[in-house]
Amino acid sequence: MAENTEVVVIGGGYAGVMAANRLTQRDDVTVTLINARPDFVERIRLHQLAGGTHEAVNDYRKVLGERIRLVVDTVTRIDATGRRVELASGDTVGYDYLIYAVGSGSADPGVPGAAEFAYPIATFEEAQRLRSVLDAAPATAPVTVVGAGPTGIETAAELAEAGRTVTLVCGGPLGPYLHPNGRRSVANRLAGLGVTVLQGPDTKVTEVTGDTVRLGDGRELPSEVTIWTAGFGVPDLAARSGLSTDTLGRLLTDETLTSIDDERIVAAGDSAAPSDMPFRMSCQAAGPLGAHAADTVLSRITSKRPAPIDLGFAGQCLSLGRRAGMFQFAHKDDTAKWLHLGGRTGAKVKELVCKLTVKQLVNEARKPGSHTWAKGEQGRRLLRAQRRETAATAEQSV
């Protein structure tokens, strides 16, 4: 009889669920998924949860394979030497291989008053809390959204469409990732919704109080509800467990997603930093990274050499309320093209992507090993070349 292999997956987001489902290709692999919540969270819908247009959750029975054991608990420490994880409940779970897919959350704002008076929206619990705060606030209450990335743009549009008075404080350019054509499209839609957009270097937030937001140029904005979307962080579990991480706390891996400290530990999703060159935090990267992490583990089980990650991007989609959206096409190396889709077509594309992201997990649960994704190795080669050039320049300047 073949020896059974125990694989533990930490984190039940897009990457973790994809990895867990894919591992069930083999009957001699037992998979345990450990997650702090009993439901699957659709992270890319949290702005809708805050705005009251979607609950942003799915039952794990819908997206998770039947053979996978779900443990609702929090991992407090990874004991790599003993090959086990310690849980907040006091229990421990042993493993032969571990997939680290803890995802990302809110970062420390680092701005006076922001932690006390601003509301983050990076997790399910934060979005729920914000929804309660908004429900309790008068409809005329001024709302300030800080951060000009996808979460800030989507949140500002969602609330403005619902009739809120919204100011979007960019702290730099609106939508830094976007091509100028796409940026103009987003700006026009926000203007049509009545959103006041403040952008440029002087719009960095210097302080948040209970009823104001202060900017670098000295302006004070009235704000009854301040929403903080500027920046993301990752849990410090890897660092606390003595594993090597990048400056943000993502697990350092090689190009197969294997930890540089332990070949029994593989990372996926937002918490992975392959070659210290992490992919953009997104569900677009999370699914393929989760699938590749599972493939790396399955290769090691059969004593095969794991393949390096090969992932290409297609673009970035934004919802701009329920009636409009934008899809920014991109090169495979994740740089924006001039082409974009806007308006109602953009909204339909965004909604389709949200639904397909869940459907991909469902399909992988039903037919493990079936998920495929766009390749983009040329982009990784360019990044590695840039990293080497930067390192060489730094050495010459010493």
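Nothing here was measured: the structure is a model prediction, and the numbers come from that model.
In summary, the side chains of Glu86 and Thr92 do not present any donor paired with an acceptor at a separation below 3.5 Å, with no hydrogens or angles considered. For the residue pair Glu158 / Thr53, a side-chain donor-acceptor distance below 3.5 Å is found, with atom types taken as modelled.
Put simply, the side chain of His179 gets close to the backbone of Asn181: a donor and an acceptor are under 3.5 Å apart. A donor-acceptor contact shorter than 3.5 Å links the side chain of Glu364 to the backbone of His371. No donor-acceptor pair closer than 3.5 Å links the side chain of Trp338 to the backbone N or O of Pro180. With hydrogens and angles ignored, the 3.5 Å screen pairs a side-chain donor or acceptor of Asp261 with a backbone N or O of Ser244. Between the side chain of Glu126 and the main chain of Ala122, a donor-acceptor pair closer than 3.5 Å is present. Checking side-chain atoms of Ser299 against main-chain N and O of Asp295 turns up a donor-acceptor pair under 3.5 Å. A donor-acceptor contact shorter than 3.5 Å links the side chain of Gln328 to the backbone of Lys337. Side chain of Ser241 to main chain of Leu243: no donor-acceptor pair is present (N/O by atom type, distance under 3.5 Å, no hydrogens or angles).
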Is there a side chain to side chain donor-acceptor pair (under 3.5 Å) between Ser104 and Arg43 once you walk through the steps? CA-CA 10 Å; Ser104 61; Arg43 173 79 175 271; 3.2 Å; yes

Verify side-chain contact (heavy atoms from CB on, under 4.5 Å) between Val225 and Ile227, making sure each step is shown before the conclusion. CA-CA 7 Å; Val225 181; Ile227 304 169; 4.2 Å; yes

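Partners of Val362 under the side chain to side chain contact (heavy atoms under 4.5 Å, CB included) rule, at least two apart in sequence or in another chain, are Lys62, Val63, Val358, Arg366.
Here Glu161 pairs with Arg189 in a salt bridge; the nearest charged N to carboxylate O distance falls below 4.0 Å.
With ring centers used as reference points, Phe327 lies under 6.0 Å from Phe329.
Side-chain heavy atoms closer than 4.5 Å link hydrophobic residues (I, L, V, M, F, W, Y) into clusters, and following such links, possibly through other members, connects Leu339 to Val349.
Figure legend: Arg264 and Tyr97 shown as a cation-pi pair, the cationic atom lying under 6.0 angstrom from the six-membered ring centre and within 45 degrees of its axis.
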